[in-house]
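Just below is one structure, and these are the notes that go with it.
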2 protein chains.
Amino acid sequence: MKARLIGVGRSTLAEEARAEIERMITEGELTAGEKLNELELSVVMGVSRGTVREAIRSLAGSGLVDLIANRGAFVHETTLSEVQNLYELRGAIFAMACGAAARRYGQGDEPRLAEDLARNIEQMNAAREAEETPNYYILNIEFHDLLLAAANNPKAKAIYDNVKREMHLFRRRGLSIASNIARSLEEHRAIAEAVIAGDENASRDAANEHIRQGFDRYMATATRQRQADA
Amino acid sequence: MKARLIGVGRSTLAEEARAEIERMITEGELTAGEKLNELELSVVMGVSRGTVREAIRSLAGSGLVDLIANRGAFVHETTLSEVQNLYELRGAIFAMACGAAARRYGQGDEPRLAEDLARNIEQMNAAREAEETPNYYILNIEFHDLLLAAANNPKAKAIYDNVKREMHLFRRRGLSIASNIARSLEEHRAIAEAVIAGDENASRDAANEHIRQGFDRYMATATRQRQADA
DNA sequence: AATATGTAGATTGTTGACAAAATATCGAGA
DNA sequence: TCTCGATATTTTGTCAACAATCTACATATT
């Protein structure tokens, strides 16, 4: 007896509403600082206000929305100093994950990690040479996700994803300059090497360095763009 | 013109309900794995079910309760492998915070940090010599909070607090053996020294080491207690 | 003109009721 | 006795209405 499971993952209306609001925010239909009107959203989405309210509340926990009692919910505005904090937080978690991945690989708990990382880096190199920036972007995310998965720490991964999304929200503009990609790729190689060597400390350091460099690249690009705008 | 502010801090009913449920969990009135009955809680607390529901939903984001659609909310059960993950996560954030604190102190952004840390360590040493374990416990928390505060990263602090609370839930039994306290104190000294020297990398390493040692001490004590139980 | 006050409208906070799903109960048949 | 299945009860999901609070605008006051 076998059948396609129906309704699996189909969850509550509130969860679907949450996903929809989340999409609206990440895709820019709702901009930073904008107020979320419960009634308006409920009409647009065709559910009751209570359901929308529940969705908004659950979003607040992820940092995408700020709640003020009796005043409502607002799309979180990320300041520049917060961006630095987000980078540091992301770096801390990523470094920890790389250390854990190295340990687990060394113990034989992640047998496929080596080939997965090698394949990813190879594809990334190909994307770089072909100057296929969108592919590079996807592969870049995959690289980090591979290591997060290998760390086998779901809560850390959840936090990492939240931080990533909030950062993504801030820097809508791509930061994909050819030289940046080349350097980033080298850093990936260094991380993968340390992890596959099973060296926890080296993995952590390489990961930390990667995020730090990423922040520097971000700041440089942001400054340049700001000058270009002026 | 001056008057006492009224209604400050008084928030919504749902927030108060959340705080109350949180208390019930942390104080053990609701045990791990137990189901949270919305109606029951609403009667006990004298608010409507919807309000309780909102409180429970907001707690889910902090990891204290797990939600299952159409089945309800359950107090999160922390497994042993999760404990290790929590230690690692806490270590990552604490190490990052110590690094940031070192940088900020070096830049003159946290002028009071040096004396605060020195005072804390001195009091801790006094508590150790007097064998006042409860005081030691409070001072230990304060030490970590001082550094988290100096890092000036609110989101990191929020996550740290969540993790800390979840860990606290798991290990009800104290782990305060005299020799442990002495070693822990030495590690604190090392951290403070690195931070006040403004050395980011050394601060991170010292913090990481501290949490790692803490985990080892925890495992040793837990194993010993398990043997004693058998 | 600038500031305070009052009032109407809009929005959030809270509740109770109904619908849908899950769980418990109980009996029939092997 | 045990398993399966129908039924009753409990519990969650969703909604609409009411109450409390905030916001915006008009009016009055200096």
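Since we're looking at a predicted model, the values are computed, not measured. Here is how names work: the chains are called A, B, and so on, in the same order as the sequence lines, proteins then strands, and each is numbered from 1.
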Is the shortest side-chain N to carboxylate O distance from [X] to [Y] below 4.0 Å?
X       : Y       : result
E20(B)  : R23(B)  : yes
E22(B)  : R18(B)  : yes
D109(A) : R103(A) : no
K157(A) : D161(A) : yes

Which part of the nucleic acid, if any, lies within reach of L36(A) when heavy atoms closer than 4.0 Å are counted: base, sugar-phosphate only, or nothing?
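Sugar-phosphate only.
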What are the residues of residues 47-65 of chain A, sorted by number, that bring a heavy atom to within less than 4.0 Å of DNA chain D?
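Heavy-atom contacts with DNA chain D come from V47(A), S48(A), R49(A), T51(A).
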Of the listed nucleotides (dT14(D), dC22(D), dG13(D)), which one gets closest to any side-chain atom of N70(B)?
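Selected nucleotide: dG13(D).
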May I ask you to test the N85(B)-P154(A) pair for a side-chain heavy-atom distance under 4.5 Å?
yes
Are side-chain heavy atoms of N180(B) and T221(B) found at a separation under 4.5 Å?
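When only atoms from C-beta onward are counted, T221(B) and N180(B) do touch, with a gap below 4.5 Å.
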Specify the separation, in whole Å, of atom [atom1] of [X] and atom [atom2] of [N].
X      : N       : atom1 : atom2 : value
E15(A) : dT12(D) : CD    : P     : 15 Å
F74(A) : dT11(C) : CZ    : C1'   : 11 Å
E38(A) : dC15(D) : CD    : C1'   : 14 Å
L39(B) : dA17(C) : CG    : P     : 12 Å

Compare side-chain N and O positions of [X] against OP1 and OP2 of [N] and report whether any pair is under 4.0 Å apart.
X      : N       : value
N37(B) : dT12(D) : yes
K35(A) : dT12(C) : yes
R71(A) : dT11(C) : no

